[in-house]
**Q** 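Mind having a look at this structure? Questions to follow.
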Amino acid sequence: MFAIADCNNFYASCERVFQPHLNGKPVVVLSNNDGCVIARSNEAKTLGIKMGAPYFKIEKYAKQEGVAVFSSNYALYGDMSQRVMHVLSRYAPNVEVYSIDECFLDFSGMPYNLTDYCLDICTIVKQCTGIPISIGIAPTKTLAKLANRLAKKGCSPSGPVLDWRTLPSAETVLESVPLDDLWGISRRWSEKLNTIGIHNALALRDSNPKEMRQHFGVVMERIVMELRGISCIPLEEMPPAKKQILTSRSFGEKLTVFDDLRSAVTHFAARAAEKLRRQNLATQALTVFIQTSPFDSSRPQYSNSATTEFDIPTNDSAQLINSAHHGLQRIFRKGFSYQRAGVLLPDLLPASVVQATLFDSANNLDRSEQLMAALDTINRRHGKKSIRYASEIISNKWHMRQQFKSPSYTTNWRELLTIQI
DNA sequence: TCTGGGGTCCTAGGACCC
DNA sequence: TCTGGGGTCCTAGGACCC
């Protein structure tokens with residue numbers, strides 16, 4: 001048995017915890033660079049504001065309807081997520097943190113009435129964190145996700161909790177579920193399924209799994225089996241080591257000058273290096289890429305990338321920044337308005353297995369390791385920006401727009417919530 | 001003016017091995 | 001007359017997730 005606990009409108013709910021006057025009011029949270037809508041309270045959904053809508057297109061309407069608008073505040077959401085996961089992990093022997101706002105719980109062999117048990121969990125998570133959650137329970141992950149979705153839509157007699165096994169008729173329910181409501185099926189596959197006469201979740205469940213495998217591959221075959229209640233996707237307790245790390249951003253304004261781009265790319269390389277070290281990994285290569293805006297058809301488009309490979313896998317910021325600069329020099333072309341850039345570390349392995357080449361002194365590796373450890377310690381203790389590479393701060397033109405960002409209430413002493421009595 | 005960021009898995013096809 | 005069989009590794013592209 002699996003359960004999936006999913007935070008309701010997570011980012012919007014995080015903002016409301018610290019501004020409770022927004023309860024019952026429409027709230028939206030925007031993507032980085034205040035680009036498009038990525039989270040909506042139920043009231044905002046009711047107003048017809050769509051997921052992914054570009055903010056500049058709904059700005060006027062949002063103001064008119066009194067919608068509270070926020071920039072993304074990942075420091076806050078990440079910390080609130082940890083709190084929710086911490087509470088949830090007390091209620092199952094094994095859990096899998098699936099995303100920032102979702103957690104699978106292993107309920108195999110649990111003898112209780114799981115609906116009542118989960119209703120308690122919902123109450124306690126709300127008490128401890130302020131975040132409302134919904135829980136779906138079923139014999140497979142795919143059905144648990146579906147049960148969760150149905151609970152969120154208000155289809156459960158037990159409010160925020162739905163145990164798939166308590167449904168009077170699974171067939172009736174499945175017949176009413178559109179294909180792209182299923183976990184693992186998006187618009188493209190849904191359309192392709194339509195062309196072969198499959199129009200709802202029941203028809204998919206009753207299709208021939210081997211045929212589905214031929215048409216779509218093993219992933220679709222698994223979905224069919226999971227809809228039948230045969231579990232094919234196990235709980236993953238230990239998150240597997242990362243295979244690649246990407247740091248990229250859209251810019252607050254379009255960039256045309258090399259030095260502005262170079263500052264941005266320095267920042268991305270430094271951030272990627274930090275991520276690498278935090279996970280005790282090293283990379284065998286670095287790819288830097290730049291691109292113009294695909295939406296701007298009036299101006300010439302250009303995008304390109306450059307990859308450097310390292311003789312010895314590294315997680316040294318200076319080395320990564322250096323190769324990012326060289327890559328950028330190779331691909332930068334004058335005369336374009338760049339909208340976005342990024343640094344990708346595509347080929348990772350554990351830092352512990354890194355070997356010096358025959359002609360390299362182990363000394364250099366030690367020195368780099370000590371320097372990076374000092375850098376990370378200082379930045380952790382005194383704030384992220386305490387020590388940076390000079391080329392990162394030469395320009396700030398690339399900084400993203402964050403017009404509506406709330407304070408980092410839970411992670412920064414200077415931004416604690418203040419209360420007036 | 002203005003449209004996010006960070007990932008994974010699977011498959012097909014080519015290169016190469018013995 | 002007419003050219004095997006079995007395998008691995010790598011990459012690009014397409015699909016998906018949140």
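This one's a predicted model, so the numbers in the text were calculated from it and none came from an experiment. A note on names: the letters A, B, ... follow the listed sequences, proteins ahead of strands, and every chain is numbered from 1.
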**Q** Can you check whether A:S250 has a side-chain N or O nearer than 4.0 Å to OP1 or OP2 of B:dG5?
**A**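 For B:dG5, OP1 or OP2 has a side-chain N or O of A:S250 closer than 4.0 Å.
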**Q** Among side-chain atoms of A:T411 and A:D79, is any donor-acceptor pair under 3.5 angstrom?
**A**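 No, no side-chain donor-acceptor contact under 3.5 Å.
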**Q** How long is the line joining NE2 of A:H215 and C1' of B:dC10, in whole Å?
**A**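 After rounding, the gap between these two atoms is 17 Å.
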**Q** To the nearest angstrom, how far is A:Y74 atom OH from B:dG7 atom P?
**A**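 Atom OH in A:Y74 sits about 13 Å away from atom P in B:dG7.
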**Q** Taking side-chain contact (heavy atoms from CB on, under 4.5 Å) as the test, write out the residues that go with A:P407, two or more places apart.
**A**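 A:P407 satisfies side-chain contact (heavy atoms from CB on, under 4.5 Å) with A:Y409, A:E415 only.
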**Q** Check every atom of B:dG7, B:dC10, B:dG4 against the side chain of A:Q339 and return the nucleotide holding the closest atom.
**A**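 Side chain of A:Q339 sits closest to B:dG4.
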**Q** Identify whether the distance between the nearest side-chain nitrogen and carboxylate oxygen of A:K384 and A:E392 falls below 4.0 Å.
**A**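 Here A:K384 does not pair with A:E392 in a salt bridge, since their nearest N and O are not under 4.0 Å apart.
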**Q** Kindly indicate whether the side chain of A:F70, heavy atoms from C-beta on, has any atom under 4.5 Å from the side chain of A:Y11.
**A**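 The answer is no; the side chains never approach within 4.5 Å.
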**Q** Nearest-Å distance, CG (A:L246) to P (B:dG4)?
**A**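 Result: 14 Å.
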**Q** Atom CG of A:D296 and atom P of B:dT3: how far apart are they, to the nearest Å?
**A**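 In whole Å, B:dT3 P and A:D296 CG are 9 Å from each other.
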**Q** For A:D180, which residues count as a side-chain hydrogen bond (donor to acceptor under 3.5 Å, both in side chains) partner, sequence neighbours excluded?
**A**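 Scan of A:D180 (side-chain hydrogen bond (donor to acceptor under 3.5 Å, both in side chains), adjacent residues dropped) gives none.
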**Q** Are OP1 or OP2 of B:dG6 and a side-chain N or O of A:R249 less than 4.0 angstrom apart?
**A**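 Checking A:R249 against B:dG6: at least one side-chain N or O falls below 4.0 Å of OP1 or OP2.
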**Q** What one-letter contact string describes nucleotides 12-18 of chain C from 5' to 3', where B marks a base within less than 4.0 Å of any protein heavy atom, S marks contact via sugar-phosphate atoms alone, and - marks no contact?
**A** ---SSSS
**Q** Judged by each residue's nearest nucleotide on DNA chain B, which is more toward the 5′ side, A:S31 or A:F216?
**A**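 Looking at DNA chain B, the more 5' nearest nucleotide goes with A:S31.
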**Q** For A:I38 and B:dG7, give me the distance from atom CD1 to atom C1', rounded to whole Å.
**A**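 That distance rounds to 15 Å.
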**Q** Once you apply a heavy-atom cut-off of 4.0 Å, does A:T247 come out as touching a base, just sugar-phosphate, or nothing?
**A**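 Sugar-phosphate, backbone atoms only, no base.
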**Q** Mapping A:F56 and A:M400 onto DNA chain B by nearest heavy atom, which one lands closer to the 5' end?
**A**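 Checking each residue's closest nucleotide, the 5'-ward one belongs to A:F56.
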**Q** Test of understanding: with side-chain hydrogen bond (donor to acceptor under 3.5 Å, both in side chains), list the residues that count as partners of A:S190, not counting sequence neighbours.
**A**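 Partners of A:S190 by the side-chain hydrogen bond (donor to acceptor under 3.5 Å, both in side chains) criterion come out as none, since no residue qualifies.
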**Q** Give the dot-bracket string for DNA chain B, reading 5' to 3', where a pair is Watson-Crick or G-U wobble with both distances under 3.5 Å, ( ) marks pairs inside the strand, [ ] marks pairs crossing earlier ones, | marks a partner on another strand, and . marks unpaired.
**A** ....||||||||||||||
**Q** A:I196 versus A:F216: any side-chain heavy-atom pair under 4.5 Å?
**A**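 They are in contact (side-chain heavy atoms under 4.5 Å apart), so the answer is yes.
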**Q** Between A:S13 and A:N8, do the side chains contain a donor N or O and an acceptor N or O under 3.5 Å apart?
**A**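 Short answer, no.
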**Q** What residue among A:M225, A:R222, A:M1, A:E226 forms side-chain contact (heavy atoms from CB on, under 4.5 Å) with A:S231?
**A**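 Only one of A:M225, A:R222, A:M1, A:E226 forms a side-chain contact (heavy atoms from CB on, under 4.5 Å) with A:S231, namely A:E226.
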**Q** Considering only residues two or more places apart or on different chains, which pairs with a residue in residues 24-36 of chain A satisfy side-chain hydrogen bond (donor to acceptor under 3.5 Å, both in side chains)?
**A**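 Only A:D34-A:S71 qualify under side-chain hydrogen bond (donor to acceptor under 3.5 Å, both in side chains).
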**Q** Measuring from the side chain of A:K243 (C-beta onward, heavy atoms only), which nucleotide among B:dT3, B:dT8, B:dG7 has the closest atom?
**A**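 Between B:dT3, B:dT8, B:dG7, the one nearest the side chain of A:K243 would be B:dT8.
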**Q** For A:R222, which contact category applies under a 4.0 Å heavy-atom criterion: base, sugar-phosphate, or nothing?
**A**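 It contacts sugar-phosphate atoms only.
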**Q** In whole angstrom, give the distance that lies between atom CZ of A:F295 and atom P of B:dC2.
**A**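 Nearest whole value for this atom pair: 12 Å.
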**Q** Could you give the OH-to-C1' distance, from A:Y61 to B:dC2, as a whole number of Å?
**A**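 Going from OH in A:Y61 over to C1' in B:dC2 covers 20 Å.
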**Q** What's A:N32 touching, base or sugar-phosphate or nothing? Going by heavy atoms closer than 4.0 Å.
**A**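 The residue A:N32 makes sugar-phosphate contact but no base contact.
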**Q** Any side-chain N or O of A:K254 below 4.0 angstrom from OP1/OP2 of B:dC2?
**A**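 Yes, A:K254 has a side-chain N/O under 4.0 Å of OP1/OP2 on B:dC2.
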**Q** Take the protein atom NZ of A:K242 and the nucleotide atom C1' of B:dG5, then report the distance between them rounded to whole Å.
**A**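 It works out to 13 Å between those atoms.
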